[in-house]
Amino acid sequence: MSAEELRSAVLLGPMPKHIAIIMDGNGRWAHARKLGRYQGHRAGVDALRRIMRAGARLEIPILTVYAFSTENWKRPQEEVRALMNLLVEYVDTDSEELLSQDISVNVIGHPEELPLAARQAVHQVCRRTRGRSRRLNVALNYGGRREIIDACRELAAAVHKGELAPEAISEEMFARHLYTAGQPDPDLLIRPSGEMRISNFLLWQLAYTELYVTPVLWPDFDAKHLYEAILAYQSRDRRYGGLSKGQAEDSLC
Ligand code: FPP
């Protein structure tokens, strides 16, 4: 099927409100072409641009992309620097397009620990794009375990001050202390490059998310791959731990 045919098919089904993506495989893509890892990350930014455009056409309300994890600091300094430079460049070249797509950029993680230029770029794009109807969450210096610990600390502090009873802590309250407070959990997680891991991404929020893993490397990922992922999502039976109608009619014994 052509991309347009796939897109038309996608429009017939329920549209995910929130899609999360682990942008993986940049290094392998570059290696296969005898290019430096930097070129792979640069091609990864092009893929992000394509997916933002396809997502905008489908009017997906929220896209969350994993751009830099708390573990990525372990990479060689040169690669970390290259990723930060790409982030600054992306803000510089793509802010206007994000505005024209009616997108607010929001950072989840700890951007205050990023190098100054990256921090400034992030601050600027978030401020410029505030209040738009759709959202791009960029996970930067993000770790799912750290996010949960941050939420625990906030709640523990409120308990310590006598402002909160421990038994009043509910799942809903906990979620309000996550970086994604006020946003629905992802309906769909896309992981390119074939790895079967969550990699410390949105650990709480992915509890009932549909997972879609594809061998396609992120720099090769395009609108067609996005439509295929959404079609797979639309074919799933989301039961949230309950039973589907057919199953509920089966006898227990
Ligand atoms: C994982 O691929 C990818 C990353 C650690 C960085 C993702 C970043 C980008 C796509 C570009 C920067 C983002 C923005 C928002 C400008 P990998 O290097 O681990 O690939 P490999 O597993 O094949 O080595």
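Indexing begins at 1, ligand by ligand and atom by atom, following the structure's order.
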Hey, is R28 close enough to E195 for a salt bridge, meaning N to O under 4.0 Å?
yes

E195 heavy atom under 4.0 Å from ligand 1:
no

Hey, looking at atom 10 (C) of ligand 1, which of L83, N26, L48 has the closest heavy atom?
N26

Between R128 and E96, does at least one N-O distance fall below 4.0 Å, as a salt bridge requires?
yes

If you count the atoms of ligand 1 from 1 in the order shown, which ones are under 4.0 Å from a heavy atom of N72?
5 (C)

Where the closest heavy atom to atom 6 (C) of ligand 1 is concerned, which of A67, A118, A82 has it?
A67

In this structure, are over 12 heavy atoms from other groups packed under 6.0 Å from E97 atom CD?
yes

Heavy-atom distances under 4.0 Å decide this one: backbone, side chain, both or neither, for L217 against ligand 1?
neither

Heavy-atom check, side chain of I21 versus side chain of I51, under 4.5 Å:
yes

D24 to ligand 1: N or O pair under 3.5 Å?
yes

Under a 4.5 Å side-chain heavy-atom rule over Ile, Leu, Val, Met, Phe, Trp and Tyr, are L155 and Y179 clustered together?
yes

Close approach, R37 and ligand 1, non-hydrogen under 4.0 angstrom
yes

What is the ring orientation for Y66 with F201, classed by angle as parallel under 30°, tilted 30 to 60°, or perpendicular over 60°?
parallel

Under 3.5 Å between some N or O of ligand 1 and some N or O of R28?
yes

Check this for me: does any side-chain nitrogen of one of E154 and K161 sit under 4.0 Å from a carboxylate oxygen of the other?
no

Which residue and heavy atom of the protein sit nearest atom 1 (C) of ligand 1, plus the separation
M23 O, 3.3 Å

Take atom CD of E78 as the centre, draw a 6.0 Å sphere, and report whether it contains more than 12 heavy atoms from other residues, nucleotides or ligands.
no

Do the side chains of R7 and E4 get close enough for a salt bridge, i.e. N-O under 4.0 angstrom?
yes

Looking at ligand 1, is there an atom of it that comes within less than 4.0 Å of some heavy atom belonging to G25?
yes

Of all the atoms in ligand 1, which lie at a distance below 4.0 Å from a heavy atom belonging to L87?
16 (C)

Minimum-distance pair of heavy atoms, taken over all atoms of F68 and V80:
CZ-CG1, 4.0 Å

What atoms of ligand 1 come closer than 4.0 angstrom to any heavy atom of Y90?
16 (C)

among protein heavy atoms, the one nearest atom 11 (C) of ligand 1 is V45 CG2, 3.6 Å

The answer for which part of R75 has a heavy atom under 4.0 Å from ligand 1 is side chain

Here the atoms of ligand 1 under 4.0 Å from any heavy atom belonging to G27 are 17 (P), 18 (O), 20 (O), 21 (P), 23 (O), 24 (O)

